[in-house]
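To find a chain, count down the sequence lines: A is the first, B the second, and so on, and within it residues start at 1.
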Protein chains: 2
Amino acid sequence: MSTSTNSPPYHHGDLRRALVDAALVMLEREGEAGLGLRDLARAVGVSPAAPYRHFDSRIALLETLAVIGFQKFTRMMASLQETTPDQKLSAMGRAYVLFALDNANLFRLMFSAQLKREGRPGLKMAADAAFETLQLVSGEGSGGRVAALAAWAKVHGLAVLLLDGQIAIRAGDDTEALIVEILGRNP
Amino acid sequence: MSTSTNSPPYHHGDLRRALVDAALVMLEREGEAGLGLRDLARAVGVSPAAPYRHFDSRIALLETLAVIGFQKFTRMMASLQETTPDQKLSAMGRAYVLFALDNANLFRLMFSAQLKREGRPGLKMAADAAFETLQLVSGEGSGGRVAALAAWAKVHGLAVLLLDGQIAIRAGDDTEALIVEILGRNP
DNA sequence: ACCTGAACACCGTTCAAGT
DNA sequence: ACCTGAACACCGTTCAAGT
């Protein structure tokens, strides 16, 4: 029973990972503004200064979370099974919006104005990789750049409007069906 | 020359108005996170506690700014001169995106997740009034609710993607022309 | 009625010191 | 190498006290 000592738990363990895991949970529960470095240290059972061995600043931690978000997003897009361009395009739109709804505060952080991509190469790379996943398919489509941007704008706009509760979900609405319907509609 | 005294400037003046005016400038320059109540009090030449005579909290001040933003948005939409439904619809889309670009941080605040509309009737009314301006026209269109939401999503998405620099503006791009082109494109 | 001064309980961040 | 304890310069907010 060498593991049953009474000494504090995090002297050796992987503190960085523990911080990131706790931060992801905290982010989704409290939002970005509610994710304090001191709260985080408390949650993980460590001193207020300890996180600074692993992250230069609170912003650096947020950047790490955003990168994780883009990677998760990329993995999800890459895992779609649809084959024909049309089916794939519509599956991606639907997946994009559902990702935003399922990871609301992470999605907001990924697009936060506080995390400018210039001067953050890691974040820029993760974001570019995610968006390349999208253009692979929409670029194949009929209209070139403008059509691709139009499609992206519509999907992204629907995601943020739903996220912020701007689009009223009425009693009897099936949210997922409504998404598909809106994305299928013309303009 | 009764106004040339040396006594501090804001003993009597309209402090509330001065705070709001300074806050709007500060918001656009520093972003929401950079708008501190103490900074604001300093900028206006008043003690840190003085703003609390006029706003219950920092969030209450932000709410006031967001309401002003929605009113400005509504005024702008109401002032469009176009007459035929098609022209008006496209003018509104263009105006929507340009408003976002010209009032970046104010626009972000209007849609901020920190300002939930439930429990803030003033904000809800201002936002509803703004969105009614939109539905007046798009509701007339061919497709009913789903088509109106699709159009809104596209315009709003284009606004936030441009705002956050997600859509790369290439050398030689005319941003305004690109906006019109994207909004005119099909999906 | 409106504002000041001083205080309270917090932050993020730094730095010497411990193991 | 990694973490603690104590400190620094801030916050937002409250409250007695001034005019």
S.K.: Side chain of A/Tyr52 only, heavy atoms from C-beta on: which candidate in C/dT14, D/dT13, C/dT4 is closest?
M.R.: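 Closest of the options to the side chain of A/Tyr52: C/dT14.
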S.K.: What does D/dT13 pair with, Watson-Crick or G-U, if both distances are under 3.5 Å?
M.R.: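 Result: C/dA7.
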S.K.: Once you measure the plane-to-plane angle for A/Tyr96 and A/Phe107, does it fall in the parallel (<30°), tilted (30-60°) or perpendicular (>60°) bin?
M.R.: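 If you compare the ring of A/Tyr96 with that of A/Phe107, the planes turn out perpendicular.
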S.K.: Just compare C/dT13, D/dC11, C/dC3 and give me whichever is closest to any side-chain atom of A/Ser57.
M.R.: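 Among the listed nucleotides, the one closest to the side chain of A/Ser57 is C/dT13.
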S.K.: Would you indicate which nucleotide in D/dT4, D/dC11, C/dC3 comes nearest to any side-chain atom of B/His54?
M.R.: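 For B/His54, the side-chain atoms sit closest to C/dC3.
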S.K.: Please determine which of B/Leu98, B/Val97, B/Ile182 meets the side-chain contact (heavy atoms from CB on, under 4.5 Å) test together with B/Leu162.
M.R.: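 Single side-chain contact (heavy atoms from CB on, under 4.5 Å) partner of B/Leu162 among B/Leu98, B/Val97, B/Ile182: B/Val97.
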S.K.: Base, sugar-phosphate or nothing for B/Arg53? Non-hydrogen atoms, less than 4.0 Å.
M.R.: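 Result for B/Arg53 = base.
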S.K.: Give the nucleotide from the list D/dG5, C/dG12, D/dT13 with an atom nearest to the side chain of A/Arg38.
M.R.: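 When the side chain of A/Arg38 is considered, C/dG12 is the closest of D/dG5, C/dG12, D/dT13.
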S.K.: Please state how far atom CZ in B/Arg16 lies from atom P in C/dC3, giving the value in whole angstrom units.
M.R.: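 These atoms are roughly 12 Å apart.
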S.K.: Rounded to the nearest Å, what distance is computed from the CG atom of residue A/Leu37 to the P atom of nucleotide D/dC3?
M.R.: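 To the nearest whole Å, that distance equals 14 Å.
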S.K.: Could you check whether the rings of A/Phe131 and A/Trp152 sit parallel, tilted or perpendicular, using 30° and 60° as the cut-offs?
M.R.: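 Answer is tilted, since the angle falls between 30° and 60°.
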S.K.: Who does C/dC2 pair with, Watson-Crick or G-U, both distances under 3.5 Å?
M.R.: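 Pairing partner, where one exists within any strand: D/dG18.
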S.K.: Can you tell me if the side-chain N/O atoms of A/Arg42 get under 4.0 Å from OP1 or OP2 in C/dC11?
M.R.: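 Affirmative; the distance criterion is met.
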S.K.: Please state how far atom CG in A/Leu61 lies from atom P in C/dC11, giving the value in whole angstrom units.
M.R.: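 From A/Leu61 CG to C/dC11 P: 15 Å.
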S.K.: Between atom CZ in A/Phe55 and atom C1' in D/dC3, what is the gap in whole Å?
M.R.: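 Rounding to the nearest Å, CZ of A/Phe55 and C1' of D/dC3 are 15 Å apart.
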S.K.: Taking B/Thr175's backbone N and O only, do any of them form a donor-acceptor pair with B/Asp173's side chain (distance below 3.5 Å, no angle check)?
M.R.: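 No.
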S.K.: Give the rounded distance in Å between these two atoms: CZ of A/Arg58 and P of C/dT14.
M.R.: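 In whole Å, C/dT14 P lies 15 Å from A/Arg58 CZ.
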S.K.: Select one nucleotide: of C/dG12, D/dG5, D/dC3, the one nearest the side-chain heavy atoms of A/Ala49.
M.R.: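 The answer is D/dG5, which lies nearest to the side chain.
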